[in-house]
Amino acid sequence: MAILNEEQEMLRDMARNWTTSESPVAAWRKVRSEKPVEGYSPDAWKTMAEMGWAGIVIPEPFGGSEFGWLSAGLVVEELGKTLTASPLVATTLAASAIVLGGSDEQKGKWLPKLASGERVGTLAFDEGPRHDGRYSAKVEGGKLTGTKAFVHEAHGATLFVVAAADGLYLVEKGDGVSLSDRKLTDQRSHAEVTFNGAAAEKLTGGGDTLLDDVLDRARILTAAEMLGMAQQVFDVTLDYLKQRVQFNQVLASFQALQHRMADLFGDLAMMRSAVEGGLEALDSGFGIARAATVAKAEANRVLHTMSREGIQLHGGIGMTDEYDVGFYLKRARVLEASWGSTSYLRNRFATLAGY
Amino acid sequence: MAILNEEQEMLRDMARNWTTSESPVAAWRKVRSEKPVEGYSPDAWKTMAEMGWAGIVIPEPFGGSEFGWLSAGLVVEELGKTLTASPLVATTLAASAIVLGGSDEQKGKWLPKLASGERVGTLAFDEGPRHDGRYSAKVEGGKLTGTKAFVHEAHGATLFVVAAADGLYLVEKGDGVSLSDRKLTDQRSHAEVTFNGAAAEKLTGGGDTLLDDVLDRARILTAAEMLGMAQQVFDVTLDYLKQRVQFNQVLASFQALQHRMADLFGDLAMMRSAVEGGLEALDSGFGIARAATVAKAEANRVLHTMSREGIQLHGGIGMTDEYDVGFYLKRARVLEASWGSTSYLRNRFATLAGY
Amino acid sequence: MATLAEPQAASTDDAFREEVRAFIEKNFPPELKGKGNALASVEGPTQEGPAEKAWREAMGARGWGVPTWPKEYGGGGLTRKQAHILNEEMAKAGAYNPIGGMGVMMFGPTLLEYGSEEQKREHIPPIARGEIRWCQGYSEPNAGSDLANLQTFAEDKGDHYLVNGQKTWTSGGQWADKCFAIVRTDRSDKHNGISFMLIDMKDPGVEVRPIQMISGMSPFCETFFTDVKVPKKNLVGKEGQGWTIGKRLLQHERTNLSGGGSMARLMGNALSDIAKKYLETDENGELADKVMRDRIADFEIRWQSFLLTAKRAVEESKAAGGVSEISSVLKKLGTKLGQERAELLIEIQGLQGLGWEGEGFSDSELSGVRAWLFGKATTIYGGSTEIQNNIIAKRVLGMLDHQ
Amino acid sequence: MATLAEPQAASTDDAFREEVRAFIEKNFPPELKGKGNALASVEGPTQEGPAEKAWREAMGARGWGVPTWPKEYGGGGLTRKQAHILNEEMAKAGAYNPIGGMGVMMFGPTLLEYGSEEQKREHIPPIARGEIRWCQGYSEPNAGSDLANLQTFAEDKGDHYLVNGQKTWTSGGQWADKCFAIVRTDRSDKHNGISFMLIDMKDPGVEVRPIQMISGMSPFCETFFTDVKVPKKNLVGKEGQGWTIGKRLLQHERTNLSGGGSMARLMGNALSDIAKKYLETDENGELADKVMRDRIADFEIRWQSFLLTAKRAVEESKAAGGVSEISSVLKKLGTKLGQERAELLIEIQGLQGLGWEGEGFSDSELSGVRAWLFGKATTIYGGSTEIQNNIIAKRVLGMLDHQ
């Protein structure tokens with residue numbers, strides 16, 4: 001765990017208390033069975049916004065707290081632990097695109113609404129089933145046309161940050177914007193979003209690297225959610241092994257399982273370092289691209305193994321819907337495939353390093 | 001283990017008895033310290049030839065026994081177990097090139113001498129430190145010019161099968177052929193061989209696939225040697241674990257080590273199937289290219305792990321020159337890099353399968 | 001090398017091949033071409049239409065659904081070679097074996113070995129005709145991999161046993177007609193106090209609750225026995241022999257889980273063919289993503305090597321006689337590779353390979369996701385990989401526990 | 001986010017940086033630029049020329065070879081920040097710390113913690129000046145990872161101990177002046193019967209036999225003690241405290257093996273730089289072999305993540321005070337990655353990367369092979385990976401053995 005300042009510790013404790021008491025995995029089960037149209041509980045989102053979480057990376061003049069990315073990561077990690085369904089990551093990323101690339105006017109118009117939770121934002125970038133950095137959506141005369149695949153939190157979003165061939169645009173939900181459900185195995189909100197001559201406003205700031213800068217943030221914050229998931233799978237698996245008795249011994253006493261847990265513990269340590277390294281890079285402003293690549297690649301690698309081993313080490317009951325551990329597996333693969341598969345990220349790492 | 005016929009069982013038992021009593025690893029230690037110029041014991045090679053091993057794949061009319069490739073593989077596997085230094089693999093491969101691509105005259109001239117062990121043959125194909133299928137050696141007016149890297153058994157060989165840009169050629173040791181030592185970590189015979197206008201005779205038979213056909217044989221027979229090595233490392237490691245006491249328990253009783261041995265046992269089973277599958281494909285004549293690729297790729301994969309785990313599971317003593325297990329590690333990497341690295345072979349597998 | 005030909009055997013085989021072709025020609029309904037085996041699926045039954053029924057009955061009448069079982073109990077009485085020819089010809093014609101399930105894969109072979117003459121005559125023919133579904137009553141809530149810890153008790157009541165207790169992971173319990181179960185008949189002896197018996201799922205006191213799995217399906221049940229009367233003739237072998245018979249059955253299960261049955265079903269098309277559909281190819285027709293191409297080749301090479309191992313195990317056990325200890329190795333390897341394949345498949349398809357339901361996904365994409373999730377169970381049931389590792393280390397390699 | 005600046009500390013640091021620069025300028029012999037630290041190498045000593053000697057003495061006089069050790073015992077008395085600045089400036093100037101070895105890495109920190117005032121005054125200053133080589137007397141033929149099984153016995157003879165027994169894996173025993181050893185002083189108590197004492201390697205009765213390793217080198221010895229007299233003042237701590245002190249020293253060893261010392265030495269240039277030398281690049285300057293490129297990136301990402309973990313461990317242990325239990329995790333991860341790197345390096349170079357001796361290979365190729373082989377020991381010595389796994393599982397994760 002990174003060394004936190006007082007403000008960060010407070011924030012983390014607040015998030016941990018809230019998820020534990022108000023938004024445990026049971027809350028996700030409720031969302032799953034009640035199927036609210038947004039894909040999350042609007043009440044929970046309202047509470048989160050009231051606690052100021054939607055504005056953590058938004059500057060104070062625009063209604064945010066500007067606590068920074070490490071702080072945002074701490075909250076998202078806690079949400080990951082209990083699989084809390086919310087548009088917090090998506091909204092934070094949309095806000096960061098505006099912070100980086102918006103004009104003063106755009107910032108003044110949108111950031112306060114995102115910070116207050118009044119608006120839910122999301123990134124609508126990829127056009128195919130995998131993140132490949134190719135964007136063909138076109139804007140002519142202020143009207144955007146193109147189709148975006150598997151947009152996270154599309155059902156609740158009213159503001160889309162859209163990657164077109166020539167840059168990023170803001171598009172409001174409304175005329176020319178239509179959704180088609182894409183229900184993935186994590187059963188969260190995903191949709192194909194079609195823009196058919198929708199009114200679009202360009203983000204003209206942020207320079208040539210704006211798109212990549214936003215993607216780096218998406219990778220790091222997603223990795224933070226994955227870190228929470230991996231930590232939780234590890235913790236519940238360890239607990240299970242300590243309690244379950246087989247052949248008259250607790251499973252935790254079997255050396256083969258001890259060594260596998262030691263391996264997972266080492267992997268988890270590396271994942272945490274990589275993710276916190278990414279968050280700290282964002283706060284310091286140095287080496288972000290590389291740190292983002294390392295953070296998401298490590299998150300992919302470790303959560304992949306952790307979610308698989310979590311099931312195996314639970315044995316049969318881990319395969320049942322009644323137990324939570326399967327949810328982490330399903331969500332893990334969706335996040336793994338978002339904003340860069342492991343192989344995409346290795347390619348990017350090599351390119352950044354010049355080989 | 002493949003189902004053997006009587007003749008094959010006899011041959012394997014003969015090889016096993018000979019290596020166990022006459023050519024254990026101690027024999028290799030003797031070769032290593034006495035440094036005979038050929039890189040192996042000429043007496044041992046003489047005995048092997050007298051037992052008929054050099055002619056196993058050579059047709060009867062040319063002085064061989066024509067027992068076939070599975071038989072050759074059984075002998076080579078036993079040699080691999082005790083790390084017997086010999087030019088048997090190299091000579092068998094050179095002979096197979098002549099069997100496949102030689103004219104009747106060439107067969108009559110060379111095969112009997114290879115079968116009797118009077119001549120040692122070897123393949124001089126690769127021109128760089130890795131097998132890449134590119135050959136630039138040129139022949140003009142019957143004179144071959146080019147440099148071949150890391151030729152196995154070059155010091156004892158008097159007949160080279162050389163890959164030139166337009167096909168395979170036979171070159172005798174002599175004028176225009178010079179050697180430069182390349183002492184590798186396995187301390188066996190390897191040299192850079194320079195052909196400077198050396199007299200060369202083309203192998204005109206065998207069609208377009210001659211080169212690949214010979215390479216497939218090289219891959220399979222090398223894999224058979226690797227199989228013997230892997231089997232031996234597994235066996236001595238298992239013995240060691242059953243004897244060594246730590247914390248008042250034999251190491252074999254530790255579950256973490258039990259599960260690792262079970263993994264290695266499974267890998268070894270797969271390696272054996274792949275290698276025997278390759279040998280059987282050569283005997284049946286069906287699906288050779290694919291089987292050769294699978295055989296060497298699996299040999300590379302499993303022996304890599306086995307040689308590494310063999311050291312680790314032996315602990316400190318496995319790191320000493322006094323123990324044998326380190327020799328297998330060193331030889332393993334040399335063979336792994338010969339006739340196709342794992343990644344080269346995967347590429348070939350995909351190409352053969354059309355993707 | 002010369003191969004010894006057996007001209008007479010060969011001509012007999014040729015004649016048999018002709019017989020099979022004619023049978024298929026006459027009996028296999030063309031509309032079923034390319035369809036799978038419904039009854040054999042652990043995912044649950046599908047409705048049997050008239051064509052399916054006709055085909056099952058035709059195969060059942062010949063005993064060809066269980067081709068190597070003895071004719072006297074309704075099997076085909078074929079040699080392994082003939083059974084192989086039958087499979088080849090069915091594959092060529094797009095036909096399939098309509099008779100399968102746990103009765104065929106596990107219970108039948110075990111009963112043929114341990115059952116009484118009367119039991120064989122009663123139970124084997126309906127299995128051979130594909131009329132009866134069997135389920136397995138092994139696991140209990142506190143006895144997953146640790147079967148010696150069984151609690152379900154069968155009390156001796158003279159002419160019958162009175163069975164009480166709870167089983168779990170009963171495959172297809174909600175669709176099964178009968179259950180082969182191991183139950184405790186003696187509380188004083190952990191291993192020798194277990195017996196193998198057959199329970200009618202329609203009997204009073206049998207209650208079944210499907211378990212929902214992470215794949216969304218419910219192929220397994222919790223099964224509750226409350227004062228269920230089981231006639232004494234339904235005891236297989238002797239009282240106390242359940243541990244031996246039960247383990248033998250597990251060997252058949254392992255062989256099926258890895259070698260032929262489930263694994264092959266899980267596999268389907270070559271990964272590379274699917275990859276060519278989902279990923280770009282370059283000017284040579286190769287996958288443009290060389291890293292993914294390398295990983296697919298890595299998998300397919302090992303899969304090839306596994307298939308060779310399964311084949312070798314069959315040859316060796318035939319040479320040695322009986323089921324080989326290598327079944328543990330095959331189960332461990334095959335299930336691991338199956339899971340690897342499912343993960344690779346998802347990665348090849350990207351988010352398109354993670355669809356759960358609704359619009360935007362093809363049937364094969366959706367079933368791929370369910371199979372990926374369900375496949376996580378393959379390294380847990382039938383003796384988990386950890387248990388197989390223990391078996392390999394101790395029984396095969398002789399690595400003994402601390403005494 | 002705003003960072004609280006500390007203007008005064010910063011200006012002090014700047015002054016210190018200037019001081020370091022001036023010192024290097026004045027004392028570092030330019031001909032040594034880019035050379036490594038001979039004394040610290042486990043591979044054996046190299047001859048010390050006049051320039052090396054001058055540089056070592058200059059650094060030793062300042063105590064900057066052990067920058068954070070107390071001044072009163074010959075250390076530098078620097079803060080961690082200052083030590084960091086010293087390292088930075090040396091790196092910039094191509095200079096190096098000429099003072100190292102087991103005395104610096106393991107024994108010194110342990111003696112500073114557990115030694116008597118007299119012992120510190122006697123032993124620390126020569127280490128700080130780089131004058132004395134220490135070796136480690138821990139392992140025995142039947143007590144490798146299992147130190148509680150120690151047999152070497154020190155018999156109490158009033159004013160001295162009489163030591164008899166055999167040690168093995170004594171690093172650099174043939175070049176060492178002194179040995180810190182754990183020996184048994186009480187046969188009736190496995191753990192509490194062990195004491196930590198200092199033995200002069202020149203004493204009569206000490207005999208050393210180098211062990212040849214698979215890498216061809218002999219960095220370790222077997223050491224035999226026959227009636228060796230060890231004065232009582234050479235007992236560190238109390239009798240019976242050897243287990244506690246010995247384990248503490250191992251924590252320092254682990255930290256060094258993973259975090260900073262050996263690992264960094266093993267590393268050298270980035271793999272990708274080496275790969276660009278040995279492999280083809282395409283028109284974009286990328287490695288043309290995309291599969292190898294992917295594997296190198298895989299390694300380098302994890303290496304990056306490991307370095308971040310080592311950094312985090314330092315920060316956290318500073319925050320918590322003392323050496324952290326995470327040293328086991330670092331040792332395990334760092335040594336594994338080091339071995340992986342060595343294997344990858346060989347694969348990148350093909351057979352050119354497997355040279356043993358003689359013509360045709362560069363020095364760095366040859367030393368890469370030796371390092372690859374020697375590196376196989378890193379997961380064995382200093383507490384094998386298996387032992388680290390036990391420590392992590394039991395002490396960190398609380399997974400207890402069957403009681």
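Note on naming: letters A, B, ... go to the chains in the order of the sequence lines (proteins, then strands), and numbering restarts at 1 for each one.
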Is it the backbone or the side chain of A/L257 that comes under 4.5 Å from a heavy atom of chain C, or both, or neither? side chain
So C/W372 and A/L329, side-chain contact (heavy atoms from CB on, under 4.5 Å) or not? Walk me through it. CA-CA 11 Å; C/W372 157 65; A/L329 174 70; 3.9 Å; yes
So which part of [X] gets closer than 4.5 Å to some heavy atom of chain A, the side chain, the backbone, both or neither?
X      : value
C/L279 : side chain
C/L354 : both
C/L373 : both
C/T168 : neither

In sequence, state the C-alpha distance, the side-chain angles, and the governing distance for C/E386 and A/R260, and then conclude on side-chain contact (heavy atoms from CB on, under 4.5 Å). CA-CA 12 Å; C/E386 291 75 16; A/R260 275 160 73 179; 2.7 Å; yes
Specify the closest pair of heavy atoms between [X] and [Y], including all atoms of both residues, with the distance to one decimal.
X      : Y      : answer
A/T185 : C/W356 : OG1-CE3, 3.4 Å
A/S180 : C/E359 : OG-OE1, 3.2 Å
A/I311 : C/K376 : CG2-CB, 4.2 Å

Please report the interatomic distance [atom1]([X]) to [atom2]([Y]), rounded to the nearest 0.5 Å.
X      : Y      : atom1 : atom2 : answer
A/D324 : C/I214 : CG    : CD1   : 12.0 Å
C/D289 : A/S341 : CG    : OG    : 8.0 Å
C/L351 : A/E336 : CG    : CD    : 10.5 Å

Hey, is the main chain of A/K183 close enough, under 3.5 Å, to the side chain of C/E357 for a donor-acceptor pair? no
Picking from [options], which has the most non-hydrogen pairs under 4.5 angstrom with chain A?
options                        : value
C/G360, C/G358, C/G216, C/G353 : C/G360
C/E343, C/Q349, C/E347         : C/E343
C/I348, C/V291, C/N389         : C/I348

How would you list, by chain and number, every residue that makes a side-chain hydrogen bond (donor to acceptor under 3.5 Å, both in side chains) with C/Q151, sequence neighbours excluded? none
Greatest number of heavy atom pairs closer than 4.5 Å to chain C - which of [options]:
options                        : answer
A/R346, A/E192, A/H190, A/K330 : A/K330
A/H131, A/H314, A/R130         : A/R130
A/H304, A/R333, A/R308         : A/R333

For C/E280, is there an ion pair with A/R134 - N to carboxylate O distance below 4.0 angstrom? yes
Any chance NZ of A/K30 has more than 12 other-residue heavy atoms, nucleotides or ligands included, within less than 6.0 Å? no
Per-pair distances, 0.1 Å, donor-acceptor, side chain in residues 316-323 of chain A, under 3.5 Å, sequence neighbours excluded:
{"residue": "A/T320", "atom": "OG1", "partner": "A/I317", "partner atom": "O", "Å": "2.7"}
{"residue": "A/D321", "atom": "OD1", "partner": "A/R32", "partner atom": "NH1", "Å": "3.0"}
{"residue": "A/D321", "atom": "OD2", "partner": "A/R32", "partner atom": "NH2", "Å": "2.8"}

